[in-house]
Amino acid sequence: MPKGWVWTDIENICSKIGSGSTPRGSNYSSKGIPFFRSQNIYNNGLVYEDIKFISEDIHQTMIGTEVLPNDLLLNITGGSLGRCAIVPANFQRGNVSQHVCIMRPILVVSEYFHAFVLSSSFSKSIKITGSGREGLPKYNLERIFFPLPPLTEQYRIVSEIEHWFALINQIEQDKLDLQEAIKQAKNKILNIAIHGKLVPQDPSDEPASELLKRINPKAEITCDNAHYTQLPKGWAICRLEQITDYEQPTDYIVESTDYDTSYSTPVLTAGKSFIIGYTNETTGIYSNLPCIIFDDFTTDSKLVNFPFKVKSSAMKILKVNQNVEIDYVAIFMSITRLIGDTHKRYWISEYSKLEIPIPPQKEQKRIVFAVHSIFAKLDMIMESL
């Protein structure tokens, strides 16, 4: 122990250690004196969401469990055991349930006591009992050893903790800000990619109009429209349905709900990730790859390149013409959204009418390469956070 410190136990530094009680018959009021339960106790403070209230009369019958400013409230049962909040200095009145213990420190700074309770030393010291709902008995809590520094040093410790925690919180906020900036940067990159501003054009590239004529000689092709003004030379506009085929994946819907990582066939379902597990079903596996999976309800799309089954009939399989880079189409779909109908469904038949700007095939490859290269660097930054 540092010079001037002593070992004691929690019983000797508190004028009160005791849990509350629940009003008989859960006799709560619509307003009155706050009654704190374990769901209102968090390490960063009291949470008033879903707070209960008791009347003045009930409060007087429970005066022994009254909460005072600077008390520590510790959850002593269940899954939230160990969560601890400091009661603010400007607190008025309140009571606690039997699942919350009041610890009222004397000659100890509440913030220093709180730091100890949140430390690994405290969590390693608590002796939990109960085979059903676990609990921390009062006699076990009272006997936990407590490292007690001089009062002035307690204040210095608290000040230092607050300084470093403020710095950590700022770093965490900066991290969130950078993650959001990376997300916005990716969207911007994809947007300029489909407008011909990500990579330079090569005059020797075959115009996209010639490519589209080979795909569908009868298709209407334009080199500009209101949505994509001033397209680069060599680009053209077509509808999504002119370069893709889609099908209802009825034959590929998984029947089993038994998923196991030891199975070999990936299962895709609605949602952002699409991949939820693996099945042992061997019939109806879709393997005409690569293709794009489209979800009618979220407009999420995912480029896949392995045999799979799907979970929902709301998902569609889109096969992109082999003369068009599927990664480029995936870029377009990832940033293009429609407004759903009253049931929030996004019909692929409507989505297929969307106009997509098509660059020359060689430029498509350059765009895809550039996007992948930039995203790889951004992902490295994201991972390093």
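Heavy atoms only: backbone and side chains are in, while hydrogens, waters and symmetry mates are out.
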Can you list everything that forms a side chain to side chain donor-acceptor pair (under 3.5 Å) with Glu11? Sequence neighbours excluded, please.
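Partners of Glu11 under the side chain to side chain donor-acceptor pair (under 3.5 Å) test: none.
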Any side-chain donor-acceptor pair under 3.5 Å between [X] and [Y]?
| X | Y | result |
| --- | --- | --- |
| Ser80 | Asn75 | yes |
| Asn169 | Gln173 | no |
| Asp57 | Ser55 | no |
| His59 | Asn95 | yes |
| Gln201 | Asp205 | no |

What is the ring orientation for Tyr328 with Trp235, classed by angle as parallel under 30°, tilted 30 to 60°, or perpendicular over 60°?
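Tyr328 vs Trp235 ring planes: perpendicular.
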Parallel under 30°, tilted from 30 to 60°, perpendicular over 60°: which one fits the rings of Phe116 and Phe146?
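The arrangement is perpendicular - the two ring planes meet at more than 60°.
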With the side chain counted from C-beta on, respond yes when [X] and [Y] share a heavy-atom pair under 4.5 Å apart, and no when they do not.
| X | Y | answer |
| --- | --- | --- |
| Tyr278 | Val267 | no |
| Ile356 | Ile243 | yes |
| Lys319 | Tyr246 | no |
| Ile293 | Phe274 | yes |
| Trp5 | Leu148 | no |
| Lys309 | Ile285 | yes |

How close do [X] and [Y] get, heavy atom to heavy atom, and via which atoms?
| X | Y | answer |
| --- | --- | --- |
| Pro249 | Lys316 | CD-CA, 4.3 Å |
| Gly32 | Phe53 | O-CD2, 3.5 Å |
| Leu141 | Met103 | CD2-SD, 3.9 Å |

Please report whether the ring centroid of Phe306 lies less than 6.0 Å from that of Tyr286.
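Judged by ring-centre distance (under 6.0 Å), Tyr286 and Phe306 do not meet the cut-off.
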Less than 6.0 Å separating the ring centroids of Tyr28 and Phe35?
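They qualify: ring centres under 6.0 Å apart.
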Decide side chain to side chain donor-acceptor pair (under 3.5 Å) for Ser21 and Gln98; before the verdict, give the C-alpha distance in whole Å, the side-chain angles of both, and the deciding distance to 0.1 Å.
CA-CA 4 Å; Ser21 61; Gln98 73 270 26; over 6 Å; no
When you look at Asp50 and Arg37, which way does the salt bridge (Lys or Arg N to Asp or Glu O under 4.0 Å) test go after all the steps?
CA-CA 9 Å; Asp50 193 30; Arg37 300 168 295 161; 3.2 Å; yes
Please lay out, stage by stage, how Glu206 and Lys362 fare under the test side chain to side chain contact (heavy atoms under 4.5 Å, CB included).
CA-CA 8 Å; Glu206 179 191 55; Lys362 290 184 177 180; over 6 Å; no
Identify every side-chain donor-acceptor pair in residues 104-112 under 3.5 Å, counting partners at least two apart or on other chains, and give the distances.
| residue | atom | partner | partner atom | Å |
| --- | --- | --- | --- | --- |
| Arg104 | NE | Asp71 | OD1 | 2.8 |
| Arg104 | NE | Asp71 | OD2 | 3.3 |
| Arg104 | NH2 | Glu66 | O | 3.0 |
| Arg104 | NH2 | Asp71 | OD2 | 2.8 |
| Ser110 | OG | Asn70 | O | 2.8 |
| Tyr112 | OH | Pro147 | O | 2.6 |

Which atom pairs, one a donor and one an acceptor, fall under 3.5 Å between side chains of residues 367-385 and the rest of the protein, sequence neighbours left out?
| residue | atom | partner | partner atom | Å |
| --- | --- | --- | --- | --- |
| Ser373 | OG | Phe369 | O | 2.8 |
| Asp379 | OD1 | Lys186 | NZ | 2.6 |
| Ser384 | OG | Ile381 | O | 2.6 |

Is the count of non-hydrogen atoms from other residues, nucleotides or ligands lying under 6.0 Å from Trp164 atom CH2 greater than 12?
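No, the 6.0 Å shell around CH2 holds no more than 12 heavy atoms from other groups.
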